[in-house]
Amino acid sequence: MTSFSLDGKQQLIQGVFDEFVRRMEATGDAIHPSKTTAGDWWAGYITYGHDKVTPFEPEAAKRVALEMCLEAGVEIMLHTAFVDSVVVDGVMTHAIVANKSGLQAAPSAVFVDCSADGDVAARAGAPFELGRPEDGLMQPMTQFFRIRNVDDAAVQRYQHEHPEEFWPFQAIVEKAREEGKFPVPRKGVQLFRTMVPGVWRINTTRILGVDGTNGADITRAQIEGHFQVHALVEFFRENLPGLEDCVLLDTAAVVGVRETRRIIGEHVLDLRDLETGRHFDDVIALCGYPVDIHSPTSADGPFDDSDFKAANAYEIPYRSLVPLAVEQLLVAGRCLSSTHEALAAVRVMPPAFATGEAAGTAAALSATSGVSPREMNVADIQAQLLRQGAYLGPEPTYQAELA
Ligand SMILES: Cc1cc2nc3c(=O)[nH]c(=O)nc-3n(C[C@H](O)[C@H](O)[C@H](O)COP(=O)(O)OP(=O)(O)OC[C@H]3O[C@@H](n4cnc5c(N)ncnc54)[C@H](O)[C@@H]3O)c2cc1C
């Protein structure tokens, strides 16, 4: 999704995100977002909120992530699950992890929870919310998959011949739904061309009523997701122009979870903050992706509810990364402090990069200075982020800190 303002004019998320993309682009494994356009096949023929997306190959992302971590001296622990947090007098001191070596207690001066589900913060006793306020339901899960042997030109031809459609193959899918022949509880098909000719990635399965923090639910969702994938491939082959001979290439390693715990922090980012583009003195990231809610109960969404309009660019404050109740802990990515609606905008990958970079930077400064994340002078974090190439707005008052 976009790393730019909604109008596509200003790249808001730079820093580590931009370096990551440019490294993939250097080997022909990504297209820089400045070179893609709303409504093109990289954007799945969607226009609203889909200008300046970043097509990339997942294998390249794995390689670049490893390269960048190793170059930075990160001690990586793969095949390791976080299990529990040790908290002494309100201060987090150790993460308990499990792997082939058994259980281990990992000490740290500061912890950053980027588990998306807020596992570390929740186990440490930080307060959190789960689901929307009225019924606790969360956005549905989706098992992503890729198909090969697609006739790219035929897909493109259909889209150009049907400029009236808001999403690909709309008329065909709507007719199939009316006849009860569309195999998943979703309004439409989302398909995105990949960097490899003939290979497309599909975001169309929908598993409703599941909680990604519940082991039984996530297993059920994974199983249901696989069955939906096969049913959809069959539907594509029988109904969609250009997909007559498509074949399932692979499914994503894990079922995709859009929403779980939102850790409550010093500031809860809300819809009003996004709508007004509210300025925060402790801004650590700007984003332009709109509120993207897939209905927790039906086939609707995303982008059905025009009541939720985010500003062209909006800010995330540092305080949304600082959980209440636990010291020496930060959160970033999908579990940051926000409401159900605001999370629906900032949950995507570019904002996760930006908040991750801010939390990591704050953690490093905290560890070296001995000042707790809650007590830190945010201007120091902002100055370091600017040095690292982050963008914090058109007139960064924080520039003074750089001098
Ligand atoms: C179906 C679907 C489609 C999407 N499409 C897009 C898209 O097109 N573009 C876009 O920008 N965003 C998209 N998103 C959103 C985006 O993928 C995520 O919201 C984003 O990756 C969140 O980033 P994160 O770093 O917070 O979490 P994640 O990327 O989920 O990373 C969390 C990591 O923590 C690990 N982890 C979690 N718990 C533990 C534990 N207990 N122990 C050890 N490790 C653990 C996980 O294995 C994972 O590696 C989509 C999401 C879904 C579900």
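Start at 1 and go down the list; that is how both ligands and their atoms are numbered.
- Atom 48 (C) of ligand 1 lies below 4.0 Å from none of the non-hydrogen atoms of the protein.
- Every atom of ligand 1 with a heavy atom of G256 under 4.0 Å away is listed here by number and element: 53 (C).
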Criterion salt bridge (charged side-chain N to carboxylate O under 4.0 Å, His left out) on D119 and R261, from CA distance to verdict: CA-CA 8 Å; D119 286 2; R261 294 188 192 97; 3.0 Å; yes
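- No donor-acceptor distance shorter than 3.5 angstrom exists from the side chain of T260 to the backbone of T213, with no hydrogens or angles considered.
- Among protein heavy atoms, the minimum distance from atom 23 (O) of ligand 1 is reached at A352 CB, 3.6 Å.
- The backbone N or O of A344 lies less than 3.5 Å from no partner atom in the side chain of E259, so there is not a single donor-acceptor pair.
- F17 pairs in a ring pair (Phe, Tyr, Trp, His ring centres under 6.0 Å) with only one of the listed residues (F56, F4, F353), which is F353.
- Between the side chains of Q10 and N312, no donor N or O sits under 3.5 Å from an acceptor N or O.
- Not close to ligand 1: D117, with no non-hydrogen atom less than 4.0 angstrom away.
- For F144, every heavy-atom contact with ligand 1 shorter than 4.0 Å involves the side chain, none the backbone.
- Shown in contact with V257 at under 4.0 Å from a heavy atom are these atoms of ligand 1, numbered in order with element: 53 (C).
- Among R258, M349, R347, the residue whose heavy atom sits closest to atom 50 (C) of ligand 1 is R347.
- For a threshold of 3.5 Å applied to N or O pairs, the pair formed by N203 and ligand 1 contains no separation below that value.
- Side chain of Q222 to backbone of V254: no donor-acceptor contact under 3.5 angstrom is found.
- Among A81, A116, A98, the residue whose heavy atom lies closest to atom 30 (O) of ligand 1 is A116.
- The closest protein non-hydrogen atom to atom 26 (O) of ligand 1 is R334 N, 2.8 Å.
- Within the 4.0 Å cut-off (strictly below), a protein heavy atom is located near atom 53 (C) of ligand 1.
- Remark: side-chain polar atoms of T80 are not paired, donor with acceptor, to backbone N or O of N99 under 3.5 angstrom.
- Closest to atom 46 (C) of ligand 1 among all protein heavy atoms lies S115 O, 4.9 Å.
- For the atom pair CD (E244) and CG (N149), the distance works out to 10.5 Å, reported to the nearest 0.5 Å.
- For atom 18 (C) of ligand 1, a protein non-hydrogen atom is found at a distance below 4.0 Å.
- Checking atom 35 (C) of ligand 1 against the protein gives no heavy-atom contact under 4.0 Å.
- For ligand 1, the atoms closer than 4.0 angstrom to any heavy atom of P350 are 11 (O).
- Here V348 has heavy atoms under 4.0 Å from ligand 1 in both its backbone and its side chain.
- Only backbone heavy atoms of T80 (N, CA, C or O) come within less than 4.0 Å of ligand 1; its side chain stays farther off.
- The nearest protein heavy atom to atom 11 (O) of ligand 1 is closer than 4.0 Å.
- Side-chain N or O atoms of E129 include none that pairs as donor or acceptor with a backbone N or O of R262 at under 3.5 Å.
- For the residue pair Q170 / Y45, no side-chain donor-acceptor distance below 3.5 Å is found, with atom types taken as modelled.
- Using modelled atom types, one finds no donor on one side chain facing an acceptor on the other under 3.5 Å when comparing S115 with D117.
- With salt bridges taken as basic N to acidic carboxylate O contacts below 4.0 Å, none links R23 and D29.
- Nearest non-hydrogen protein atom to atom 41 (N) of ligand 1 is D119 OD2, 3.0 Å.
- Taking atom 8 (O) of ligand 1 as the reference point, the nearest protein heavy-atom neighbour is M1 CE, 3.4 Å.
- In terms of protein heavy-atom proximity, atom 31 (O) of ligand 1 is nearest to C114 O, 4.0 Å.
- The contact set between ligand 1 and G333, taken as ligand atoms under 4.0 Å from a residue heavy atom, comprises 26 (O).
- We find that E234 and R237 are not joined by a salt bridge, their nearest charged nitrogen and carboxylate oxygen being 4.0 Å or further apart.
- Between D292 and R258, no side-chain nitrogen of the basic residue sits less than 4.0 Å from a carboxylate oxygen of the acidic one, so the salt-bridge criterion is not met.
- Between F82 and ligand 1, at least one N/O pair is under 3.5 Å apart.
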